[in-house]
Protein chains: 2
Amino acid sequence: MKTTFGEYIRQLRTDKGFTLTELAALLKLDSANLSKIETGKREFDEKRLERLANAFNLDIEELKTEYFADQFAKKIYQYNCSTETLIVAEEKVNYLKSRNVKQDEIKF
Amino acid sequence: MKTTFGEYIRQLRTDKGFTLTELAALLKLDSANLSKIETGKREFDEKRLERLANAFNLDIEELKTEYFADQFAKKIYQYNCSTETLIVAEEKVNYLKSRNVKQDEIKF
DNA sequence: GTAATTTTGTCATTGATTGACAAGTATAAA
DNA sequence: TTTATACTTGTCAATCAATGACAAAATTAC
């Protein structure tokens, strides 16, 4: 899945034959704003991921992957970050996880 | 470099023997707020990356890598994102780049 | 002790995001 | 070409989060 998150939503929506108004109602937002989201002029709000998953019977974890990957990609593209950035990010995730394990150990 | 961005700044600062007040002045922020940044209670503002690079004679690209990797890692950790997320992000970066190349081709 | 440094708490200001709605364009069917 | 439906764009007030600023507490070094 190489599309942006907006294109991804549009794909899902049109595949199911929904109009903007119909999907917007399910997501509790304005159809005009959903249009902007699909065309990349606004961001999709993380709070609505679950409603989106329900609307299309999607696995919430897959959706989260698409959503956050999209955010990271946009930042990297926008700021012209080095290719290393994502590798370093992974190291830092592991660091945060290991650090928290240690904190837990201390706590109890 | 597996530390958080805050820990990284603190490392740089103490290595050079700067006080919070001294570095804060170079970065044009309050020493109390720099303390919060170093201890992870606030975020470092992207606008100040260049000043930080100057303060310690660092390569701005390396600094950007640290900075954005830190942001991504925190999000992934916070939202418990799948390990795939960063891989998908890389694909999306490539997608955005290729898409823009195409746009350029159309434009001119 | 006290002086310097660092941390924590608070809050008004600022800035960005969002919801909402109006007005526009595009598409399709009669 | 009219009408209906779907989509897009522009705008702006309201809302929310991030920031700067400063006071005061805690920690560290002398």
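- Between A:Phe18 and A:Phe56, the two ring planes are tilted [angle within 30° to 60°].
- Nearest nucleotide to the B:Thr39 side chain, out of C:dT7, D:dT9, C:dT6: C:dT7.
- For the pair B:Arg13 CZ and C:dT7 C1', the computed distance is 12 Å after rounding to whole Å.
- A residue-by-residue look at B:Lys47 and A:Lys41 shows that A:Lys41 has its nearest nucleotide of DNA chain D further toward the 5' end.
- Note: CD1 (A:Ile37) to C1' (C:dT18) measures 10 Å, nearest angstrom.
- Closest to the B:Asp45 side chain, of the nucleotides C:dT7, D:dT19, D:dT8, is D:dT19.
- The side chain of B:Ser35 places no N or O atom within less than 4.0 Å of a non-bridging phosphate oxygen (OP1 or OP2) of C:dT6.
- For B:Arg48, no side-chain nitrogen or oxygen approaches OP1 or OP2 of D:dT19 to under 4.0 Å.
- By the 4.0 Å N-to-carboxylate-O rule, B:Glu7 lies too far from B:Arg10 to be salt-bridged with it.
- By the ring-ring contact (aromatic ring centres under 6.0 Å, His included) test, B:Tyr95 pairs with no residue at all, sequence neighbours left out.
- If you take CG of B:Leu34 and P of D:dC22, they are 17 Å apart, rounded to a whole angstrom.
- Considering only side-chain atoms of B:Leu20, the nucleotide from D:dC7, C:dT6, C:dT10 that sits closest is C:dT6.
- Both B:Lys36 and B:Thr21 lie near DNA chain C, and the one whose nearest nucleotide falls closer to the 5' end is B:Thr21.
- Rounded to whole Å, the distance from CG on B:Leu29 to C1' on C:dT14 is 16 Å.
- Atom pair B:Asn33:CG and C:dT13:P shows a separation of 17 Å (rounding to whole Å applied).
- For the pair A:Glu46 CD and D:dA17 C1', the interatomic distance rounds to 15 Å; values are reported in whole Å.
- Within the nucleic acid shown, A:Thr19 comes within 4.0 Å of sugar-phosphate atoms alone, with no base atom in reach, counting heavy atoms only.
- The nearest whole Å value for the distance from the CD atom in B:Glu43 to the C1' atom in D:dG20 is 16 Å.
- Comparing D:dT19, C:dT7, D:dT8 against the side chain of B:Ala32 picks out C:dT7 as the nearest.
- Separating the CD atom of B:Glu22 from the C1' atom of C:dT5 is a distance of 11 Å, rounded to the nearest angstrom.
- Ion pair B:Glu66/A:Lys92 flagged as a salt bridge, since at least one NZ, NE, NH1 or NH2 atom sits closer than 4.0 Å to an Asp/Glu carboxylate oxygen.
- The aromatic rings of B:Tyr79 and A:Phe68 sit tilted relative to each other, their planes meeting at an angle between 30° and 60°.
- When distances are taken from the side chain of A:Arg42 to each of D:dT11, D:dT8, C:dT7, the shortest belongs to D:dT11.
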